[in-house]
Asker: 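Please find one structure pasted underneath; my questions will follow.
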Protein chains: 2
Amino acid sequence: MLDRLDKKILSIIQDDATIPVAEIAKRVGLSTTPCWRRIQKLEEDGVILRRVALLDPKAVNTKVTVFVSIVTNQHSEEWLKRFAELIREFPEVVEFYRMSGQVDYLLRVVVPDIESYDAFYKRLIAKIEISDVSSAFAMEQIKYTTSLPLSYIQLEKDKPV
Amino acid sequence: MLDRLDKKILSIIQDDATIPVAEIAKRVGLSTTPCWRRIQKLEEDGVILRRVALLDPKAVNTKVTVFVSIVTNQHSEEWLKRFAELIREFPEVVEFYRMSGQVDYLLRVVVPDIESYDAFYKRLIAKIEISDVSSAFAMEQIKYTTSLPLSYIQLEKDKPV
DNA sequence: AATTTTTTGGAAAAAATTTCTGTTTCAGGC
DNA sequence: GCCTGAAACAGAAATTTTTTCCAAAAAATT
């Protein structure tokens with residue numbers, strides 16, 4: 001169970017993972033050791049999954065996002081497993097959801113341009129037989145964050161000051 | 001312009017930003033200093049945007065993803081600006097795209113459950129008058145990565161070994 | 001109410017890593 | 001062949017992380 005301090009720590013490091021523990025400690029009102037220990041525990045407990053560097057899509061030539069909606073008539077467990085396996089191998093697919101409603105699956109694909117998307121699309125349908133695929137192009141990424149809202153965390157009962 | 005070594009470095013740190021520079025250097029076949037300098041430059045040049053900790057959605061109670069499609073009749077620059085501003089303030093909105101095609105805007109929203117989504121939705125439409133909103137719920141996140149494909153990088157002409 | 005156990009925090013030292021400095025190497029141009 | 005600049009290296013200095021040991025507070029038990 002997390003408390004107010006853990007939440008503060010998470011808020012800091014999910015925004016910037018380069019801040020030294022001593023500085024985090026200062027900001028949350030602890031000394032380095034207990035703060036360091038809390039971070040360790042958050043990692044052990046799997047609250048912190050990993051630390052990564054985020055790259056500029058422009059710089060790596062993948063500024064176009066395409067949302068790919070897939071409707072299929074295949075619904076067996078086995079089929080999904082194979083499908084998921086195959087999709088996972090495409091580095092262009094950065095997100096992949098199983099949906100409720102009309103659409104069965106939704107992919108977010110990143111590529112340099114429309115031509116590249118077409119090439120990707122051909123490679124995709126060559127690998128997997130899918131009945132209905134439709135693509136929606138993003139013109140602009142207005143917001144993108146890896147920071148999750150922390151307001152829904154169920155806090156441990158906090159001691160009154 | 002990036003070369004083969006930069007690409008290797010990016011590949012490593014966009015996957016795991018905790019690896020020491022000395023270890024990265026070893027893996028790409030450099031000593032620490034030149035490797036460190038390359039990383040510095042990649043940061044200066046904005047290829048590396050930031051380093052962050054990724055949290056477990058389950059652990060912070062935001063395991064439900066909802067894709068919100070918005071169709072509007074408002075299309076002025078001014079309206080979009082205000083709209084974007086407002087959306088940005090909702091921490092539940094982790095992605096926000098301006099789309100081509102039927103849908104004008106697409107949001108990815110993360111919340112604990114359907115009820116919370118309803119509450120979020122009410123707060124959203126209270127702030128902004130939007131004509132048509134439709135929500136699609138993700139049942140399962142099959143893949144989610146912040147790692148961009150590096151295969152589209154235009155490499156600097158590499159010297160033959 | 002007193003005692004023990006457990007938890008949490010702190011200071012300081014040790015270890016590891018990052019950052020910087022000066023020097024060397026190497027390819028290409030003159 | 002020699003110069004020039006870019007890129008590499010080794011090692012020192014600075015910073016940060018990690019460990020160790022101890023104190024205080026809180027919780028549980030007698």
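Residue numbers start from 1 in every chain, and the chains themselves are labelled A, B, ... in the order their sequence lines are given, proteins ahead of strands.
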Asker: Below 4.5 Å, heavy atoms only, C-beta onward: do A/R108 and A/T65 meet side chain to side chain?
Answerer: yes

Asker: More 5' along DNA chain C: A/T32 or A/C35, using each one's nearest nucleotide?
Answerer: A/C35

Asker: Provide, to the nearest angstrom, the distance between the CD1 atom belonging to A/I13 and the C1' atom belonging to D/dT17.
Answerer: 14 Å

Asker: B/Q40 side chain: which of C/dT19, D/dT17, D/dA8 is closest?
Answerer: C/dT19

Asker: Taking Watson-Crick and G-U wobble pairs with both distances under 3.5 Å, convert DNA chain D into its dot-bracket string, 5' to 3', dots for unpaired and | for cross-strand pairs.
Answerer: ||||||||||||||||||||||||||||||

Asker: Verify whether the ring centers belonging to B/F96 and B/F83 lie closer than 6.0 Å.
Answerer: yes

Asker: Heavy atoms from C-beta onward define the side chain here; which of D/dT19, C/dT19, C/dC20 lies closest to that of B/T33?
Answerer: C/dC20

Asker: What's the CG-P distance between B/L5 and D/dA7, to the nearest Å?
Answerer: 11 Å

Asker: Starting from P on C/dT25, measure out to CG on B/L30 and report it in whole angstrom.
Answerer: 18 Å

Asker: Which sits closer to the 5' end of DNA chain D, A/R37 or A/V21, going by the nucleotide each is nearest to?
Answerer: A/V21

Asker: Report yes if a side-chain nitrogen or oxygen of A/R38 is closer than 4.0 Å to either non-bridging phosphate oxygen (OP1 or OP2) of C/dG9; otherwise report no.
Answerer: yes

Asker: Nearest-Å distance, CH2 (B/W36) to C1' (C/dT19)?
Answerer: 5 Å

Asker: Looking just at side-chain N and O atoms, do A/S135 and A/Y117 make a donor-acceptor pair shorter than 3.5 Å?
Answerer: yes

Asker: Of the candidate nucleotides C/dG9, D/dT16, D/dT18, which contains the atom at the shortest distance from the side chain of A/P20?
Answerer: D/dT16

Asker: Would you find more than 12 non-hydrogen atoms of other residues, nucleotides or ligands less than 6.0 Å from A/R82 atom CZ?
Answerer: no

Asker: Following the transitive rule for hydrophobic clusters with a side-chain heavy-atom cut-off under 4.5 Å over Ile, Leu, Val, Met, Phe, Trp and Tyr, establish whether B/V66 and B/V133 coincide in one cluster.
Answerer: yes

Asker: Does A/L80 reach the side chain of A/Y105, with side-chain heavy atoms less than 4.5 Å apart?
Answerer: yes

Asker: Which whole-number value in Å describes the distance from B/I19 CD1 to C/dT18 P?
Answerer: 11 Å

Asker: Is the side chain of A/T32 donor-acceptor paired with the backbone N or O of A/A25 at a distance under 3.5 Å, no angle test?
Answerer: no

Asker: Using whole Å, report how far NZ of A/K41 lies from P of D/dT18.
Answerer: 17 Å

Asker: What is the distance from CD1 of A/I9 to P of C/dT8, rounded to the nearest Å?
Answerer: 13 Å

Asker: Expressed in angstrom and rounded to an integer, what is the separation of A/R4 atom CZ from C/dT8 atom P?
Answerer: 14 Å

